[in-house]
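Take a look at the structure below.
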Amino acid sequence: MALARIEILEGRTSDDKRKMVDAVTRALSEALQAPAADPSFRLLEYPPSQFSVPYPDRHSDRYTLVEVTMFAGRSMDTKRRLDRAILDELAALDAPERWTSKTL
């Protein structure tokens with residue numbers, strides 16, 4: 001089981017938000033080999049006064065945080081595969097090319 005939390009600034013359309021949730025769902029299902037209904041999601045929207053964008057000269061108001069919580073025991077290879085799948089899925093939604101993972 002996995003829990004994904006997506007945090008964004010206000011201003012995205014309902015369609016954009018749905019596509020983002022669907023993209024992360026596909027990535028989790030693919031990388032973790034889990035049924036599409038397995039992952040739980042929270043999409044949180046913040047007004048600009050409650051969301052600090054790091055390095056505003058390098059990030060836009062489309063800055064997005066995706067946090068995935070899973071049970072312990074997943075291999076580093078699985079975590080890397082999940083990271084790559086999330087980045088690939090979001091890139092298909094016109095995410096900036098310079099999105100990279102700094103955690104793995």
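The analysis underlying the following values was restricted to heavy atoms, covering all of them including side chains, and did not include hydrogens, waters or symmetry mates.
- By the side chain to side chain donor-acceptor pair (under 3.5 Å) test, E7 is found to be paired with R5, Y46, residues two or more places apart in sequence or in another chain being considered.
- Residues satisfying the side chain to side chain donor-acceptor pair (under 3.5 Å) criterion with S52, sequence neighbours excluded, are absent altogether.
- Under the rule for a salt bridge (Lys or Arg N to Asp or Glu O under 4.0 Å), the partners of R18 that lie at least two apart in sequence or sit in another chain are D22.
- Grouping the Ile, Leu, Val, Met, Phe, Trp and Tyr side chains by contacts below 4.5 angstrom, directly or via other members, places L44 with Y63.
- A search for side chain to side chain donor-acceptor pair (under 3.5 Å) contacts involving S40 returns nothing, not counting sequence neighbours.
- A2 pairs by the side-chain contact (heavy atoms from CB on, under 4.5 Å) definition with L28, L32, V68, M70, not counting sequence neighbours.
- Between R74 atom CZ and R81 atom CZ the span is 9.5 Å, to the nearest 0.5 Å.
- In this structure S14 satisfies the side-chain contact (heavy atoms from CB on, under 4.5 Å) test with no other residue, sequence neighbours excluded.
- Within the structure, ring pair (Phe, Tyr, Trp, His ring centres under 6.0 Å) pairs that include any residue of residues 5-29 do not occur (at least two apart or interchain).
- Take K17 and apply the side-chain contact (heavy atoms from CB on, under 4.5 Å) test, not counting sequence neighbours, and it matches I8, R12, L43, E45.
- Side-chain heavy atoms closer than 4.5 Å link hydrophobic residues (I, L, V, M, F, W, Y) into clusters, and following such links, possibly through other members, connects L93 to V21.
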Determine, step by step, whether I6 and M20 satisfy the side-chain contact (heavy atoms from CB on, under 4.5 Å) criterion, reporting the C-alpha distance in whole Å, the side-chain angles of both residues, the deciding distance to 0.1 Å, and the verdict. CA-CA 9 Å; I6 303 168; M20 195 178 309; 3.5 Å; yes
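- Between F41 and T25, the closest side-chain pair of non-hydrogen atoms falls below 4.5 Å.
- With sequence neighbours excluded, the residues forming a side chain to side chain donor-acceptor pair (under 3.5 Å) with E89 are R26, listed by chain and number.
- Among all heavy-atom pairs drawn from L90 and A23, the shortest one is CD2-CB, 4.2 Å.
- Salt-bridge annotation for K79 and D83: absent, with no side-chain N of the basic residue lying under 4.0 Å from a carboxylate O of the acidic one.
- Residues that satisfy the salt bridge (Lys or Arg N to Asp or Glu O under 4.0 Å) test with D16, not counting sequence neighbours, are absent from this structure.
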